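A quick write-up on the structure given underneath.
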2 protein chains.
Amino acid sequence: MTRDIHQQTPRPGGIALRQQESLESSNPPLSFPCLDAVESRTETLQKRSSQAGPEPSYTTGSHLTFHSHEPLLTDWGGVLSEFDIAYEAWGTLNKDRSNAILLHTGLSASSHAHSTPDNPKPGWWEKFIGPNKPVDTNKYFVICTNVIGGCYGSTGPSTIDPANGERYATRFPILTMEDMVRAQFRLLDHLGIERLYASVGSSMGGMQSLAAGTLFPDRVGRIASISGCARSHPYSIAMRHTQRQVLMMDPNWRRGFYYDSGIPPHTGMKLAREIATVTYRSGPEWEARFGRRRADSSRPPALCPDFLIETYLDHAGEKWCLEYDANSLLYVSKAMDLFDLGAEHRTKINALRAKNHSRLERIGGAATEDFSNSDSCSLTLPDKPYQEQEDSAQTMTSPENEPNIQSRPHGPPADLVAGMKALCDTPTLVLGVASDILFPAWQQREIAETLKRTGNRDVTHVELGEEKSLFGHDTFLLDLEGVGGAVKDFLG
Amino acid sequence: MTRDIHQQTPRPGGIALRQQESLESSNPPLSFPCLDAVESRTETLQKRSSQAGPEPSYTTGSHLTFHSHEPLLTDWGGVLSEFDIAYEAWGTLNKDRSNAILLHTGLSASSHAHSTPDNPKPGWWEKFIGPNKPVDTNKYFVICTNVIGGCYGSTGPSTIDPANGERYATRFPILTMEDMVRAQFRLLDHLGIERLYASVGSSMGGMQSLAAGTLFPDRVGRIASISGCARSHPYSIAMRHTQRQVLMMDPNWRRGFYYDSGIPPHTGMKLAREIATVTYRSGPEWEARFGRRRADSSRPPALCPDFLIETYLDHAGEKWCLEYDANSLLYVSKAMDLFDLGAEHRTKINALRAKNHSRLERIGGAATEDFSNSDSCSLTLPDKPYQEQEDSAQTMTSPENEPNIQSRPHGPPADLVAGMKALCDTPTLVLGVASDILFPAWQQREIAETLKRTGNRDVTHVELGEEKSLFGHDTFLLDLEGVGGAVKDFLG
């Protein structure tokens, strides 16, 4: 057998030739316009930074700000001694303050769900909100916030830590969906809204709409959870993991302390957004819209974007890479991974909260513990005892070792039924989309089945088939008829 | 409305505090062991490079090498004036040389499909090959090659270009599946094998097994195409695109000219492998194997790998990042994107090949044009005329513009039927796996339906359901019973 010929070092003659740089290669070198673009942006940012000081803040325009002087204890033991919530509102709060709808956003959205007099730019749910629209501002007072951890006006990693006068950066505490919801309810307290007509949200907002009802069952009249889930599953964690990794590996990320460098990790942000876009939008639509068409079929293929689908992803990344704070992406994305409405997880977190409660006292805050463990209706036990997945699976991490696979138990897990029992009296709409690969339709079926097992008799489950909604996860932003129609029917 | 408070610059007091570095932050900083690991590897590589010269070659051990002195014209107009094919073989070639099986590999595999006396390390299909195994070495002479473009002994970007004595790097020509197959058939010529008993492959190899039959219908007795496709679809292109992008954005990639730097783009390679692993392995298995378990639930959550699924992906990336050549990944991955057995594409490529044929003459080669356009059996026309997707879809690239979606035509596209008509007489096994997200089961159904439309009456289509094969795309490496069983039945 012959040894791998690559083991031979370059011939002396070859080295001599290289020094002369005289002979032509067999084929011309490829060009890399996608790298030129990124390097050019780095240069522009460097120039801007040296001329104009620190980078500008992220903003989507004017909004209202609520400042909480009371500290917030986070689920995992961090403390924000004070915080801001950016919010916007549409419609009119009625006299008895009973017509408020809290609208929860997706990962990177701002409070700007709809245009306002102060900010006429169309919002992310522009067509879904308004007079006689699915979220009808003739009837309802609609509030949307930027989540804490975000970068559009609410306290997040880019905010100055009052304790030392520096940006939090990666000294910001790890967040959960419940932390974000508790902060939102401080705003509701401030607005004098004791009870919501409804908690409505899609994607991450679909998690939060459920979390709100679970934390504050007496303050949430009804819930609409669209393309959300009751707990994150491994594929969605994996895809967010890759986004966080490409971002953190950008040398400009500097372990989160890039704010004064003038150059945010725009390359990592671009890459993260491209990966995210695959999870948001891939579906039958792509076959029809892009198929196998190349951006310019008259040119030879390239390693930089070449197929139309690649230029689409590239554009999505380019457009977004300076629009959102990198650390906010990391913290909010992580909070989604951590979401789990199961009873075991919540019990653990509540014990941790109790243990950490003294941190609030040191700061002098008087926040009250707000976790409610309502037991107002009977728990419907599953027909068969639930076998914990932990018992039936192995925990090794090497890809070589093959696990013993056992079939998944039928019906929703008892742990989830127990964790969601606070919702047993809350009318709920659960909507899923068959072409969604990030929050697949089985996750919404799981929510609906779990709610029914809690004894909830008012669960509406809608699943939009592939023939109706081809847009994958982003269908919630696009399908006014399918998604908007179901929301309108549910809210009344 | 209040303006975004982030627009305020740090307070003078804050700046003073920072200079003193005296006050503690509200919460402790996070640690980043995943970045420590990558930075530590960079340091190790730097040291190794300064002590030991250029980086070692990639190899999976001993193999045979065939050197072609005849040049190879690639589909897109590049030329390799000479090239090597690394290969290994098992079993015995019979007297009339009629029992040879050519085994095609996945993207990053070497020729080492099975252990050999010279290389006892288990191969990537170790359990599938051998006496009385699915690929039975008592009956067949099995050959496996490293593809050209690869880095395990065949000519690829890390090879020295004889024209100038330097590594090809990104002056290597763009490749196609057909280029790889043509190179393999040069090896068959060398071995005196006029006709294969079978062309067998999985994943990228599933593309190549079809390409071999299409290019050389008279030289391929039967085809097994496992978890492959007849043309790449947008999701798979998108996922490979993100892998290429994260790799090319690694500063150590240096536009492909990293060979003498001592530090290959190991960070980009790690990230690319993590993304790839999601596409290879996600499936119901992950729910049972990893679920929502954290690697160490006694520790607080982290932005670095934390959930078990994250440590799994991290491990997969760590293990691989120095095992394969980065440029090989780019070229072979790109070749997969370009795969399209449709007639329109092939006609275009053939015209290009005719135009570029003079490049071979300049080099003095005498390669014969080997594309066969067999018309030996009648073409079954579809019931309804095929409406080109190009006519029914828009071509804009901005995510904001919403396309008009029209339902996909029923049955296989006429263009694909025409492109695959050379296979109308070739017995074919097509195998798909329901849990595969990279080469989804509809793609294998498409192959089978297309073959039937060509008039082929010997098409076996097997689809392994989720209850049988939970491993996603990598099922072809793992499921000896489902995949191996079908292959054994087919080969006889």
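Residue numbering restarts at 1 for every chain, and letters A, B, ... go by the order of the sequence lines. No hydrogens, no waters, no symmetry mates; every other heavy atom, side chains included, goes into these values. Computed from a predicted structure; not experimentally measured.
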Contact origin within B/Phe339 toward chain A - heavy atom pairs under 4.5 Å: backbone
Return the minimal non-hydrogen interatomic distance between A/Ser26 and B/Ala163, and the atom names on each side. OG-CB, 3.5 Å
Heavy-atom closest pair, residues B/Pro173 and A/Asn27: CD-ND2, 3.6 Å
Donor-acceptor contact present, side-chain B/Arg255 to main-chain A/Ser31, <3.5 Å: no
Do A/Lys348 and B/Ser297 have side chains that approach each other closer than 4.5 Å (heavy atoms only, starting at C-beta)? yes
To check you understand the geometry: which heavy-atom pair defines the closest contact between A/Val278 and B/Ala238, and what is its length? CG2-CB, 3.9 Å
Side chain, backbone, both or neither: which part of A/Leu271 has a non-hydrogen atom closer than 4.5 Å to chain B? side chain
Heaviest contributor of heavy-atom pairs below 4.5 Å to chain A, chosen from B/Pro251, B/Pro300, B/Pro29, B/Pro234, is B/Pro234
For chain B, find which of A/Met249, A/Met239, A/Glu467, A/His233 contributes the most heavy-atom pairs closer than 4.5 angstrom. A/Met249
Structural part of A/Val246 lying under 4.5 Å from a heavy atom of chain B: both
Contact between A/Thr170 and B/Phe32 at the side-chain level, heavy atoms closer than 4.5 Å - yes or no? yes
Contact part of A/Ile174 toward chain B, heavy-atom cut-off under 4.5 Å: side chain, backbone, both or neither? side chain
A/Pro301 versus chain B, the contacting section by heavy-atom distance below 4.5 Å: both
Heavy-atom closest contact (A/Phe307 atom, B/Asp337 atom, distance): CZ-O, 3.5 Å
Which of A/Gly268, A/Gly317, A/Ser232 touches chain B most, by non-hydrogen pairs under 4.5 Å: A/Ser232
Between CG of A/Asp340 and CZ of B/Arg292, what distance do you get to the nearest 0.5 Å? 4.5 Å
Between B/Ile309 and A/His241, is the side-chain contact (heavy atoms from CB on, under 4.5 Å) condition met? List the steps. CA-CA 9 Å; B/Ile309 178 63; A/His241 162 84; over 6 Å; no
Contacting region of B/Ala302 [heavy-atom separation from chain A under 4.5 Å]: backbone
Residue part contacting chain B, namely of A/Ile437, when any heavy atom lies under 4.5 Å: side chain
Closest heavy-atom pair, A/Leu303 versus B/Lys334, reported as atoms and distance to 0.1 Å, is CD2-CB, 3.9 Å
Side chain to side chain contact (heavy atoms under 4.5 Å, CB included) against A/Ser333, all qualifying residues, sequence neighbours excluded: A/Leu107, A/Arg240, A/Arg244
By side chain to side chain contact (heavy atoms under 4.5 Å, CB included), which residues pair with A/Ser25, not counting sequence neighbours? B/Asp161, B/Asn164, B/Arg171
For the interface with chain A, which of B/Thr267, B/Leu330, B/Leu338, B/Val38 has the highest count of heavy-atom pairs at distances below 4.5 Å? B/Leu338
Which of the residues B/Asp474, B/Asn119, B/Asp306 is involved in the greatest number of heavy-atom pairs with chain A at under 4.5 angstrom? B/Asp306
Hey, what do you get for OG1 (B/Thr242) to CG (A/Asp314), rounding to the nearest 0.5 Å? 12.5 Å
Indicate yes or no: at least one non-hydrogen side-chain atom of A/Leu35 is less than 4.5 angstrom from one of B/Trp253. yes
If I measure from the heavy atoms of chain A, does B/Trp320 come under 4.5 Å with its side chain, its backbone, both, or neither? neither
For residues A/Gln245 and B/Cys304, report the shortest heavy-atom separation together with the two atoms involved. NE2-CA, 4.5 Å
For each of A/Phe172, A/Tyr235, A/Tyr168, A/Tyr331, tally heavy-atom pairs with chain B at distances under 4.5 Å, and name the one with the top tally. A/Tyr235
